[in-house]
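Below: one structure, written as structure tokens.
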There are 2 protein chains.
Amino acid sequence: MATQERPLRADAERSVRTILEAAERVLAANPAASLEQIAEAAGVARTTIHRRFANRQALVDAMVRNVLDQLDVVIESAHPDTAPPLVALHQITAEVLRVKLGWPFAMTESFAPGSKWAQGQQQLVTRCVALLARAQAAGLVAADADLPWTCQVYYALIGEAAHNTTGTDPHELATKVIDTLLHGAGPRP
Amino acid sequence: MATQERPLRADAERSVRTILEAAERVLAANPAASLEQIAEAAGVARTTIHRRFANRQALVDAMVRNVLDQLDVVIESAHPDTAPPLVALHQITAEVLRVKLGWPFAMTESFAPGSKWAQGQQQLVTRCVALLARAQAAGLVAADADLPWTCQVYYALIGEAAHNTTGTDPHELATKVIDTLLHGAGPRP
DNA sequence: GTTAACTGCGACAGAGCTGGTGCAGTTAGC
DNA sequence: GCTAACTGCACCAGCTCTGTCGCAGTTAAC
């Protein structure tokens, strides 16, 4: 079966990575795809997936945990509590976009409402709101802004930007996202 | 065995409605739900669903067609080509929100990328861009704004607003959406 | 070099979903 | 009131997916 604690051998570790990446590709295209299809995309026998992951849910969970860990690192390394708000915001946006472009399925899965990841996600929202509050204190955000709503909009903008296959440079996209978030589409004074 | 052209009897018509509404409720909660669950929610035998809809896809198609028709009516009645842009925008936003709150599954389904509804959706985008262009001419939107991107943001904002169960009044939500779309979260001059 | 871990393959059982049929009872429409 | 349409029910056939097993061959780790 799977999901044991014993350290994996190097080749097993490798096939786990391969499976996770293939699952991302396949499930992004079709969330209802079978394990058979995932195995084929990974160049692996279906039984191997079952050996490494107890069931489909365990596989998805591993994918989600993977991106959540990445997001944690990304946010931490942007120093959202000490760096200038706009700098941190830009840095985080670009990096989150990079993660989202690579792991779209796992990303949407982790953000699915009412999932087991709700608490982990709530933690992200809290940090996001905290950063926005710093931006507010710095005058970047209106004093009377609805921060949870702004945070929601921020996530949505990142999601939309990730759909834009044209501008694939994360930093360029990040600039657009933050510009839209702060100023909208209206005329500038 | 279904989707015939012969006019349905009144009771059959009624059960079709019941099934569509139940399907919306069930599939919104779980897109992978079985027809059995939908039938149960509709207070109907599963075979009845099969009698009215050739297969699962036909059922979903009917749901999507239903909302697309609603959206068409909604947009048309707001006179997007003649009414003042801001008025039309607000009117459309509020009504679309009303539709989305009632048919979240069908709505996201119809907007799924690469679906058979892509062309119908493209038509909506075109009309949306046209309306935004009028708003641009009226000075509501920056002259150098990226209209397709703005339209994308507009859709995303509507989607997010629909997740807000707190402010359930469509007009209130519409105000928030348009305000965010045009001005973002930054401080007002 | 030995051993334990890993993999592919073939096969299997079980479960769930789909789509269909026939029949008896009810109901809308004329 | 008559007829055709509609529905629920029981039942069935077929399919796909999941999860498991054993075995033979390969490979990493000591």
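First the proteins, then the strands, lettered A, B, ... as listed; each starts at 1.
- Listed by residue number, there are no residues of residues 31-42 of chain A with a heavy-atom contact under 4.0 Å to DNA chain C.
- Residue pairs meeting the ring pair (Phe, Tyr, Trp, His ring centres under 6.0 Å) criterion with at least one partner in residues 130-154 of chain A, sequence neighbours excluded, are absent.
- C/dT18 atom P lies 17 Å from atom CZ of B/Arg51, rounded to whole Å.
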TODO: Could you please spell out the steps behind the side chain to side chain contact (heavy atoms under 4.5 Å, CB included) verdict for A/Leu59 and A/Leu20?
DONE: CA-CA 8 Å; A/Leu59 170 59; A/Leu20 287 179; 3.8 Å; yes

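- Side chain A/Arg9 to base D/dT27: a donor-acceptor pair is found below 3.5 Å.
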- [ ] I would like to know whether B/Arg17 and B/Asn66 meet side chain to side chain contact (heavy atoms under 4.5 Å, CB included); could you show each step before the answer?
- [x] CA-CA 10 Å; B/Arg17 287 298 302 176; B/Asn66 180 31; 4.0 Å; yes

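- Rounded to whole angstrom, the span from the CZ atom of A/Phe53 across to the P atom of C/dC6 amounts to 13 Å.
- Look at CG on A/Leu59: it is 15 Å from C1' on D/dC17, rounded to the nearest Å.
- Atom CG in A/Leu8 sits roughly 14 Å away from atom C1' in D/dA29 (whole-Å rounding).
- In summary, of the residues considered (B/Ile158, B/Leu140, B/Val141, B/Val153), a side chain to side chain contact (heavy atoms under 4.5 Å, CB included) with B/Leu181 occurs for B/Val153 alone.
- When distances are taken from the side chain of A/Thr48 to each of C/dG22, C/dT7, D/dC11, the shortest belongs to C/dT7.
- For B/Thr47, the listed nucleotide lying nearest its side chain is D/dC9; candidates were D/dC9, D/dT18, C/dT7.
- In this structure, A/His171 and A/His90 have parallel ring planes: the angle between them is below the 30° cut-off, well short of the 60° mark.
- The main-chain N or O of A/Pro80 is found under 3.5 Å from a side-chain atom of A/Arg134 such that the two form a donor-acceptor pair.
- Ionic pairing of B/Asp69 and B/Arg65 is present here: one or more N-O contacts between side-chain nitrogen and carboxylate oxygen are shorter than 4.0 angstrom.
- B/Arg56 comes within 4.0 angstrom of the backbone, heavy atoms only, and of no base.
- The existence of a salt bridge linking B/Asp144 and A/Arg188 is excluded, since no basic side-chain nitrogen approaches an acidic carboxylate oxygen closer than 4.0 Å.
- Taking atom CD of B/Gln57 as the reference point, atom C1' of C/dC17 lies 16 Å away to the nearest angstrom.
- Distance, A/Ile49 CD1 to C/dC6 P: 16 Å, rounded to whole Å.
- Listed by residue number, the members of residues 10-20 of chain B with any heavy atom below 4.0 angstrom from DNA chain D are B/Asp11, B/Ala12, B/Ser15.
- With hydrogens and angles left out, the side chain of B/Arg46 and the base of C/dG19 share a donor-acceptor pair within 3.5 Å.
- For the side chain to side chain contact (heavy atoms under 4.5 Å, CB included) with B/Cys151, the qualifying choice from B/Leu132, B/Thr126, B/Leu131 is B/Leu132, the only one to do so.
- When the C1' atom of D/dA10 is taken as reference, atom NE2 of B/His50 falls 16 Å away, rounded to whole Å.
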